[in-house]
Amino acid sequence: MSLTSYIGCNIEIPLSNEESDDLIVIGDCFSNKYNRQDVKKHQFTTPVVYEVSSDWGIEISEYMNLKTCAESKEKLIELCKIMDSYIDKGDYFELYSCWVGEEADKREGEITLRINNFDIEQIKMPEKMLVRFEK
């Protein structure tokens with residue numbers, strides 16, 4: 001099983017090159033279409049869903065080792081930069097991370113942040129937390 005992250009948005013965005021070595025890759029990696037349908041139905045308020053990955057989903061919590069947590073912080077900052085270039089002022093995107101197969105499970109919580117105005121050191125984003133980033 002793999003921890004993966006999904007984004008929900010109101011617009012279509014381009015998928016990453018399948019051979020990409022980028023920190024954030026937008027496209028299928030660990031999930032299948034049924035996983036994405038479940039996360040759309042049970043977690044998101046948006047019509048468009050993508051998996052965002054690299055080697056591991058985005059999770060920021062005190063239960064993670066420091067290296068993985070630091071990598072997740074880097075990924076989150078990069079994801080916000082990418083999405084900031086696609087969405088318009090007044091729009092938002094949602095982020096949800098969970099183990100593949102647990103997309104329909106009850107979420108653990110929900111927070112709303114400004115896409116380019118948050119303190120990465122203050123964020124707690126464990127798995128099954130819905131995070132809404134507003135522009």
Side-chain angles (χ1 to χ4, degrees):
M1 252 166 84
S2 298
L3 183 76
T4 193
S5 296
Y6 300 95
I7 56 170
C9 50
N10 294 310
I11 58 167
E12 291 188 6
I13 59 175
L15 299 179
S16 301
N17 180 326
E18 290 182 19
E19 305 301 318
S20 175
D21 288 331
D22 292 344
L23 186 58
I24 291 291
V25 177
I26 298 171
D28 305 342
C29 183
F30 302 117
S31 70
N32 61 41
K33 70 178 183 177
Y34 302 108
N35 301 129
R36 292 185 295 281
Q37 287 171 351
D38 279 347
V39 80
K40 178 180 176 179
K41 178 179 179 182
H42 297 280
Q43 309 304 335
F44 291 151
T45 63
T46 57
V48 184
V49 174
Y50 298 97
E51 181 182 355
V52 293
S53 342
S54 51
D55 56 344
W56 193 253
I58 299 171
E59 180 183 10
I60 302 170
S61 76
E62 63 271 17
Y63 304 110
M64 301 179 62
N65 72 53
L66 293 176
K67 181 177 184 276
T68 305
C69 191
E71 289 170 359
S72 283
K73 290 176 181 180
E74 285 180 55
K75 291 177 193 177
L76 181 59
I77 290 168
E78 183 62 24
L79 177 61
C80 286
K81 286 180 188 173
I82 291 168
M83 293 306 294
D84 191 34
S85 71
Y86 290 123
I87 64 175
D88 293 329
K89 186 174 181 179
D91 201 1
Y92 64 94
F93 79 94
E94 297 168 319
L95 174 67
Y96 188 79
S97 298
C98 65
W99 293 94
V100 173
E102 296 182 352
E103 291 81 2
D105 289 4
K106 183 177 184 236
R107 73 174 71 127
E108 299 294 324
E110 180 172 340
I111 58 173
T112 300
L113 301 169
R114 299 293 300 165
I115 193 170
N116 52 11
N117 188 21
F118 60 88
D119 182 351
I120 193 72
E121 299 307 322
Q122 299 301 315
I123 292 178
K124 301 286 186 258
M125 224 177 71
E127 64 180 88
K128 297 183 183 174
M129 172 76 67
L130 179 67
V131 185
R132 180 177 167 142
F133 291 92
E134 297 177 341
K135 185 168 180 179

Which residue pairs satisfy the side chain to side chain donor-acceptor pair (under 3.5 Å) criterion with at least one member in [range], sequence neighbours excluded?
range	result
residues 122-134	Trp99-Glu127, Glu102-Lys128, Asp105-Lys128, Arg132-Glu134
residues 110-120	Arg107-Glu110
residues 76-89	Asp84-Lys135

Applying side chain to side chain contact (heavy atoms under 4.5 Å, CB included), name anything that partners Ala104, two or more places apart in sequence or on another chain. Asp38, His42

Contacts of type side chain to side chain contact (heavy atoms under 4.5 Å, CB included), residue Asn17, not counting sequence neighbours: Glu19, Ser20

For Ser72, the side chain to side chain donor-acceptor pair (under 3.5 Å) test, sequence neighbours excluded, returns none

Identify, with sequence neighbours excluded, every residue that meets side chain to side chain donor-acceptor pair (under 3.5 Å) alongside Tyr92. Thr45

Those residues that, when tested against Lys73, pass salt bridge (charged side-chain N to carboxylate O under 4.0 Å, His left out) (two or more places apart): Glu121

Selection residues 59-70 - residue pairs positive for salt bridge (charged side-chain N to carboxylate O under 4.0 Å, His left out), sequence neighbours left out: Lys67-Glu71

Report yes or no: do Leu3 and Phe30 belong to one cluster of Ile/Leu/Val/Met/Phe/Trp/Tyr joined by side chain heavy-atom distances under 4.5 Å? no

Would you say Leu79 ends up clustered with Val48 if hydrophobic residues are merged whenever their side chains have heavy atoms under 4.5 Å apart, either directly or through other cluster members? yes

Taking ILVMFWY side chains as joined if any heavy atoms are under 4.5 angstrom apart, and letting links pass through other members, which residues group with Val39? Tyr6, Phe44, Val49, Tyr96, Leu130

Return each pair, listed once, that meets ring pair (Phe, Tyr, Trp, His ring centres under 6.0 Å) where at least one residue sits in residues 112-135; pairs must be two or more places apart or across chains. Phe93-Phe133, Phe118-Phe133

Spell out, as yes or no, whether a donor-acceptor pair under 3.5 Å connects the side chain of Lys40 to the backbone of Pro47. yes

Heavy-atom side-chain contact between Glu51 and Asn35 under 4.5 Å: no

